[in-house]
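What follows is a short report on a single structure.
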Amino acid sequence: MTSQYLRLGVNIDHVATIRNARGGLHPDPLRAAKIAEKAGADGVTAHLREDRRHISDRDIDLLRNGIDLPLNLEMAATDEMLEIALKHLPAAVCLVPENREERTTEGGLNVDKNFNRLTPFAEQLGAAGIRLSLFVEPDQVQLEAAKALGAPVVELHTGTYCNTQLGSPEREKSLDKIVKAAAHAERLGLECHAGHGLGFETVEPIAAIPTIVELNIGHFLIGEAIFGGLENIISRMRTLVNSSRADIVYDSSA
Ligand code: PXP
């Protein structure tokens, strides 16, 4: 499934992380999703975690109804999440492993080991017309298990690659694993996506792999947006603060 065009899915989880720091409504992940749409994203990704540390159930509802782009719901393979997916019917679900104490998704799903447990999830999501993706390490055994499970899509975990140093043998080795896994996915007839940890410094070699058709990127984009936008926002506040005082005549005796 080689394609010239590489789809970009934007993960807006960490807009919700910042919002939740204050417990209010700002910044709004739906607004971020609309900006992603305007900026050329092909899809919006949101991870509804068991502990709801960022994206909430309400966000899923708003995203599902408020954007034209396909919604990719990342979730753990639990009965609660399955029920939510079947209720909201996102375009795609990406099953990920979820450990309560982890900061982010650490490692891929062990599809081979959890084959029997994952089978009813694959069946029910497939029957509901939701495109199933499995988030896996770039490992042939996992790809073959994903194929046997009947998932049409795999997403290769790029976290290990992104954590290596630019120019190091470790980076070359982990890139090579991803290249080989993406080629194997193609041989198996699996649509191949990739993501986790990608940023400006790491994305190009992954984006150049011809059998990868979609990237999902979140943390870096939201973090970097601070630096892309902070100057403008502070300037606007400076202007507003100044103009609020423009007509005041200061009386030092008062
Ligand atoms: N793909 C999957 C399956 C993920 O779990 C995540 C993190 O939620 C991402 C992509 C995006 O990773 P990052 O936020 O590091 O770009």
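Hydrogens, waters and symmetry mates play no part in the numbers below; they use all other heavy atoms, side chains included. Numbers here simply count residues along the sequence, with the first being 1. Read the numbers this way: they start at 1 and go in the same order the structure lists the ligands and their atoms.
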Atom indices of ligand 1, in the order listed, that fall short of 4.0 Å to a heavy atom of Val96: 3 (C)

Pairwise distance CD(Glu155) to CD1(Ile212) - rounded to 0.5 angstrom: 9.5 Å

Heteroatom proximity flag, Asn216 to ligand 1, N/O under 3.5 Å: no

Those atoms of ligand 1 less than 4.0 Å from some heavy atom in Gly197: 12 (O), 13 (P), 15 (O), 16 (O)

Test item: side-chain donor near acceptor, Ser235 and Asn232, under 3.5 Å: no

Whether Thr211 side chain and Ala182 backbone form a donor-acceptor pair below 3.5 Å: yes

Ligand 1-proximal atoms of His196, by part, heavy-atom distance under 4.0 Å: both

Phe135 and His157 aromatic ring geometry - parallel, tilted or perpendicular at 30°/60° bounds: parallel

Any N/O pair His14/ligand 1 closer than 3.5 Å: no

Atoms of ligand 1, numbered as shown, that sit under 4.0 Å from any heavy atom of Gly218: 13 (P), 14 (O), 16 (O)

Element-labelled atoms of ligand 1 that are located less than 4.0 Å from some non-hydrogen atom of Ile217: 16 (O)

Tyr161 OH to Leu156 CG distance, which is reported to the nearest 0.5 Å: 13.0 Å

Residues that Phe200 engages under ring pair (Phe, Tyr, Trp, His ring centres under 6.0 Å), provided they are two or more places apart: Phe220

